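Worksheet for the structure shown next.
Atom set for the values below is all heavy atoms of this structure, side chains included, hydrogens, waters and symmetry mates excluded. Predicted, not measured: the structure shown is a model, and the values here were computed from it. Note that ligands are numbered from 1 as they come in the structure, with each ligand's atoms numbered from 1 the same way.
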Amino acid sequence: MVVAKRLSLPVLSLFAIALCITSAGATIIDITNKCSFTVWAAAVPGGGKQLNQNETWALEVASNTTGGRVWARTNCTFDASGVGQCQTGDCGGVLECQPNVTVTTPYTLAEYALDQYNGMDFYDISLVDGFNVPIKLGPVANGTRSINCTYDINSDCPNELKVAGGCNDACTVFKTDQYCCTNSTTTCEPTDYSKFFKERCPDAYTYPMDDATSTFSCPGNTNYTVIFCP
Ligand SMILES: *[C@@H]1O[C@H](CO)[C@@H](O)[C@H](O)[C@H]1NC(C)=O
Ligand SMILES: *[C@@H]1O[C@H](CO)[C@@H](O)[C@H](O)[C@H]1NC(C)=O
Ligand SMILES: *[C@@H]1O[C@H](CO)[C@@H](O)[C@H](O)[C@H]1NC(C)=O
Ligand SMILES: *[C@@H]1O[C@H](CO)[C@@H](O)[C@H](O)[C@H]1NC(C)=O
Ligand SMILES: *[C@@H]1O[C@H](CO)[C@@H](O)[C@H](O)[C@H]1NC(C)=O
Ligand SMILES: *[C@@H]1O[C@H](CO)[C@@H](O)[C@H](O)[C@H]1NC(C)=O
Ligand SMILES: *[C@@H]1O[C@H](CO)[C@@H](O)[C@H](O)[C@H]1NC(C)=O
Ligand SMILES: *[C@@H]1O[C@H](CO)[C@@H](O)[C@H](O)[C@H]1NC(C)=O
């Protein structure tokens, strides 16, 4: 059930070092739960927060954050000290997710890297770790594109991928090179399973080497919104 995190965003930090001369301020990521049920939002950096229906978490991160991740956890129970567990998206049994933690699949993931190549922000939605809730991610201001995965993939998830609260990715279930893309000497191709996800959510990364059309960008110093069940 638990697999290592597979990051989809290209590594652009060398360009960032070369081009980022301005000092980084704060970027606001408004995370809103429009699901009919409570979710426990998770963010690295950021930690975590219980969001009842229609509640928003105004998360502040440095405007040069890299490796940023936001996802929803479902069916959680935490005690007063923030220790417990979630049915999907659990981050080591704590409310406040830590950067080095392994997250329990499946979970729909929003990823971002701010102030990178040419000072641009990059973001994507990844289904490489499966799907739990629909998600939308985009800039607050007009001009650049919002992306989403609004299809309820749980409703027609193949039986072999189906788990309580979500739909697993094929790597988690079958653990083969073909699905996990772990053989560094070969490039991996879409599979019937990754195509199943891509047909339902064309904006999303659906396998570890999904093409660059799954990454989107905005000028730096943009604020963002993430909506669960948009
Ligand atoms: C990000 O900005 C902070 C200042 O807010 C700076 O100290 C840090 O070195 C920057 N990091 C990168 C990778 O540019
Ligand atoms: C959340 O917002 C929607 C749309 O505005 C509304 O229909 C619903 O009643 C709200 N739910 C709660 C719990 O406030
Ligand atoms: C993750 O980082 C925290 C805080 O630095 C540390 O307490 C914990 O042991 C680390 N966990 C792992 C699995 O490395
Ligand atoms: C975006 O543009 C539309 C149409 O021009 C406008 O109604 C809306 O207020 C704008 N939103 C923001 C956040 O600027
Ligand atoms: C999701 O993205 C598609 C394609 O860009 C768009 O047609 C649709 O309106 C978007 N849905 C929402 C809820 O933003
Ligand atoms: C939470 O778990 C219950 C019992 O297994 C299930 O009926 C419900 O659909 C789950 N809720 C979510 C949001 O996954
Ligand atoms: C990686 O793929 C190559 C070419 O298909 C194959 O020869 C090799 O055995 C594979 N390596 C592993 C570790 O599976
Ligand atoms: C981002 O949001 C913060 C807080 O609302 C605001 O002060 C700042 O001006 C916003 N940045 C942009 C570029 O709109």
Where ligand 6 meets Asn75 - atom numbers and elements under 4.0 angstrom, heavy-atom basis |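 Atoms satisfying the 4.0 Å criterion: 1 (C), 2 (O), 3 (C), 8 (C), 10 (C), 11 (N), 12 (C), 14 (O).
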For ligand 2, the residues whose heavy atoms come within less than 4.0 Å (ordered by chain, then number) |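 Lining ligand 2 at under 4.0 Å, by heavy atoms, one finds Gln53, Asn54.
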Identify all side-chain donor-acceptor contacts of residues 222-230 below 3.5 Å with residues at least two apart in sequence or on another chain.
unit_1 : atom_1 : unit_2 : atom_2 : d
Thr222 : OG1    : Pro219 : O      : 2.7
Asn223 : OD1    : Ile28  : N      : 2.9
Tyr224 : OH     : Asp121 : OD2    : 2.8

Under 3.5 Å: donor-acceptor pair, side chain of Asn132, backbone of Ala72 =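 Checking the backbone N and O of Ala72 against the side chain of Asn132, a donor-acceptor pair under 3.5 Å is found.
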Any donor-acceptor pair under 3.5 Å linking the side chain of Asp129 with the backbone of Thr105?
->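 Absent.
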Phe196: partners by ring-ring contact (aromatic ring centres under 6.0 Å, His included), with sequence neighbours left out =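 Here no residue qualifies.
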Would you please classify the geometry between the Phe174 ring and the Tyr193 ring as parallel, tilted or perpendicular, with 30° and 60° separating the classes?
->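 The arrangement is parallel - the two ring planes meet at less than 30°.
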Would you mind running through ligand 1 and noting each atom that sits below 4.0 Å from a heavy atom of Asn64?
->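 The list of qualifying atoms is 1 (C), 2 (O), 3 (C), 8 (C), 10 (C), 11 (N), 12 (C), 14 (O).
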How would you list, by chain and number, every residue that makes a salt bridge (Lys or Arg N to Asp or Glu O under 4.0 Å) with Asp30, sequence neighbours excluded?
->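 Here no residue qualifies.
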Return yes when the gap between the SG atoms of Cys171 and Cys180 is under 2.5 Å; return no otherwise.
->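 Answer is yes: Cys180 pairs with Cys171 in a disulfide.
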